[in-house]
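Please read the structure below before turning to the comments.
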Number of protein chains: 2
Amino acid sequence: MARLASGEAEALLGSFREWLRRHGQPVTRQRDQVAAVVLGSTDHLSVEQIQERLQAQGATVGLATVYRTLDLLVQSGMVRGHDFGQRSRRYEPMGPGSVHEHLICTRCGKVEEFTHERLERMLPIIADEYGFQPDRHRVEIYGVCRECQRRVLG
Amino acid sequence: MARLASGEAEALLGSFREWLRRHGQPVTRQRDQVAAVVLGSTDHLSVEQIQERLQAQGATVGLATVYRTLDLLVQSGMVRGHDFGQRSRRYEPMGPGSVHEHLICTRCGKVEEFTHERLERMLPIIADEYGFQPDRHRVEIYGVCRECQRRVLG
DNA sequence: TTCCCTGCAAAGCATTTGCATCAAA
DNA sequence: TTTGATGCAAATGCTTTGCAGGGAA
């Protein structure tokens, strides 16, 4: 249950509130609570996990509202959604400069992050070569994590 | 509705039959028909499209069997499944040496392929650096394709 | 009052599963 | 003949939607 430096999470939450106002959207208690959970975590949360964390802190937010708020967070560019081939979608905060990609263990489902500057530079260039105006990308490497490799050998 | 060189599609179909036999799986009419459609296309087909093409050629295959056969095709390594964030999963044949990645247009949904040797070399190396035993990967660039860029300007 | 966000329940949809039947080996 | 693949329909599970109720301006 990793967390961002609390200052950073606060800043992201502030940006989301600002984004809502700029788009004529009310800042409600529920939106604030959902955003706080997602923006304050460094995990890749499922909607189920988000609900659990909300309940754990005594917040009551309907499932539909969680989905609707996640849409807003994704639209605002502050949250990224992923489909790692598991049952449900995962969400993670995308603070400024938090560009990264993922390593997914096909044994235990663990998701690890990595950054690679050269890779990030290459992809937009490749898109250009094909006349594509790149917006975002996704790099996922599937395999067996260190721990699961040991488990098999052991 | 692009197609592989017919000889290549035939060869892939033959390999699938062989794979089935080697795994003690019967080669049925339905499996053959589904495999022929998927292995004979260069598009990224949805299950719906696969059904349509089967019907167009007078083949009757139940929906459940299409899904079950796709599982086998994926297990055999001859077909790759994708989730491009559209309603349903897409499937494409993976003949030997057909390593490639995807450019997805967020306006019109078009999926284009690209290959990049250096990129393919990099990813397993990155995985190694993190102790991951890489198996496969997925690189997707989302953006606006050439045609949709024109459409907006026009 | 007016607007529209929220929450509940119902609906949607792609995918999976149970089971009787039928075809492959 | 035996086995298990197939097809239909029902079930599943995540996500979305309809709509009445409620809070804010």
Side-chain angles (χ1 to χ4, degrees), chain A residues 16-17 19-38 44-55 57-76 79-92 109, chain B residues 13-14 16-38 44-55 58-76 79-92 109:
Chain A
F16 181 55
R17 291 200 190 104
W19 184 90
L20 287 172
R21 285 188 210 103
R22 239 180 315 154
H23 288 75
Q25 289 278 349
V27 178
T28 64
R29 170 181 62 78
Q30 289 89 336
R31 290 177 177 183
D32 231 57
Q33 289 173 326
V34 172
V37 164
V38 180
H44 303 84
L45 300 175
S46 65
V47 167
E48 196 184 356
Q49 290 173 313
I50 294 169
Q51 282 257 79
E52 285 168 6
R53 295 196 184 183
L54 285 169
Q55 292 186 326
Q57 56 189 61
T60 310
V61 183
L63 188 56
T65 300
V66 174
Y67 278 104
R68 288 188 278 233
T69 305
L70 283 169
D71 272 354
L72 293 170
L73 283 162
V74 170
Q75 279 173 47
S76 77
V79 162
R80 184 157 64 147
H82 292 286
D83 188 315
F84 292 137
Q86 295 156 335
R87 347 199 94 191
S88 59
R89 220 172 285 160
R90 304 287 149 143
Y91 297 88
E92 64 169 349
Chain B
L13 188 53
F16 181 56
R17 291 199 191 105
E18 205 181 317
W19 184 90
L20 287 173
R21 284 188 211 104
R22 238 181 317 160
H23 292 257
Q25 290 279 348
V27 178
T28 65
R29 172 183 60 79
Q30 290 90 336
R31 290 177 176 182
D32 232 55
Q33 289 173 325
V34 172
V37 165
V38 180
H44 303 82
L45 300 174
S46 64
V47 168
E48 196 185 355
Q49 291 173 314
I50 294 168
Q51 282 257 73
E52 283 168 7
R53 296 195 183 185
L54 285 168
Q55 292 186 327
T60 310
V61 183
L63 188 56
T65 300
V66 174
Y67 278 104
R68 288 187 279 230
T69 304
L70 283 169
D71 272 355
L72 293 169
L73 283 162
V74 169
Q75 278 174 47
S76 77
V79 163
R80 185 157 64 147
H82 292 286
D83 189 316
F84 292 136
Q86 295 156 336
R87 351 197 91 190
S88 59
R89 219 174 286 160
R90 306 286 150 143
Y91 297 87
E92 65 170 349

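Only heavy atoms go into these numbers, but all of them, side chains included; no hydrogens, no water, no symmetry mates. Order of the sequence lines fixes the chain letters, A, B, ..., with proteins taken first and strands second; residue numbering starts at 1 for each chain.
Side chains of A:Val66 and A:Leu54 form a contact here, defined as non-hydrogen atoms less than 4.5 Å apart. Side-chain contact between B:Leu70 and B:Ile50 is present, with heavy atoms from C-beta onward closer than 4.5 Å. Using a 4.5 Å cut-off on side-chain heavy atoms (C-beta onward), A:Val37 and A:Leu45 make contact. Between A:Asp71 and A:Arg68, every side-chain heavy-atom pair lies at or beyond the 4.5 Å cut-off.
Between the side chain of B:Gln55 and the backbone N or O of B:Glu52 there is no donor-acceptor pair closer than 3.5 Å.
Each of A:Arg89, A:Glu92, A:Arg90 was checked for a side-chain hydrogen bond (donor to acceptor under 3.5 Å, both in side chains) with A:His44, and the lone residue meeting it is A:Glu92.
Considering only residues two or more places apart in sequence or on other chains, A:Trp19 meets the side-chain hydrogen bond (donor to acceptor under 3.5 Å, both in side chains) condition with none of them.
Taking the 5' to 3' direction, DNA chain C first and last meets chain B under 4.0 angstrom from a heavy atom at C:dA14 to C:dA25.
Residue B:Arg22 places its CZ atom among more than 12 non-hydrogen atoms of other residues, nucleotides or ligands, all under 6.0 Å distant. Under a cut-off of 6.0 angstrom, the local environment of CD in A:Glu48 is sparse, with at most 12 non-hydrogen atoms contributed by other residues, nucleotides or ligands.
Remark: B:His82 NE2 to A:Asp83 CG distance equals 13.0 Å, nearest 0.5 Å. Here the OH atom belonging to A:Tyr67 is positioned 8.5 Å from the CD atom belonging to A:Gln51, to the nearest 0.5 angstrom.
Comparing the local axis fitted to the first five base pairs of the helix from C:dT1-D:dA25 to C:dA25-D:dT1 with the one fitted to its last five gives a bend of 30°, rounded to 10°.
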Distances under 3.5 Å only, N/O to N/O: pair up the protein atoms with those of nucleotides 13-15 of chain D.
from	atom 1	to	atom 2	distance (Å)
D:dT15	OP1	A:Arg89	N	3.2
D:dT15	OP2	A:Tyr67	OH	2.5
D:dT15	O5'	A:Tyr67	OH	3.3

Please tabulate the protein-to-nucleotide N/O contacts below 3.5 Å involving nucleotides 3-6 of chain D, giving atom names and distances.
from	atom 1	to	atom 2	distance (Å)
D:dA5	OP1	B:Gln25	OE1	3.4
D:dA5	O5'	B:Arg31	NH2	3.3
D:dT6	OP1	B:Thr28	OG1	2.6
D:dT6	O3'	B:Gln30	NE2	2.9

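The side chain to side chain donor-acceptor pair (under 3.5 Å) contacts involving residues 25-36 of chain A comprise A:Arg17-A:Asp32, A:Gln25-A:Arg31, A:Arg29-A:Gln33, where partners must be two or more places apart or lie in separate chains.
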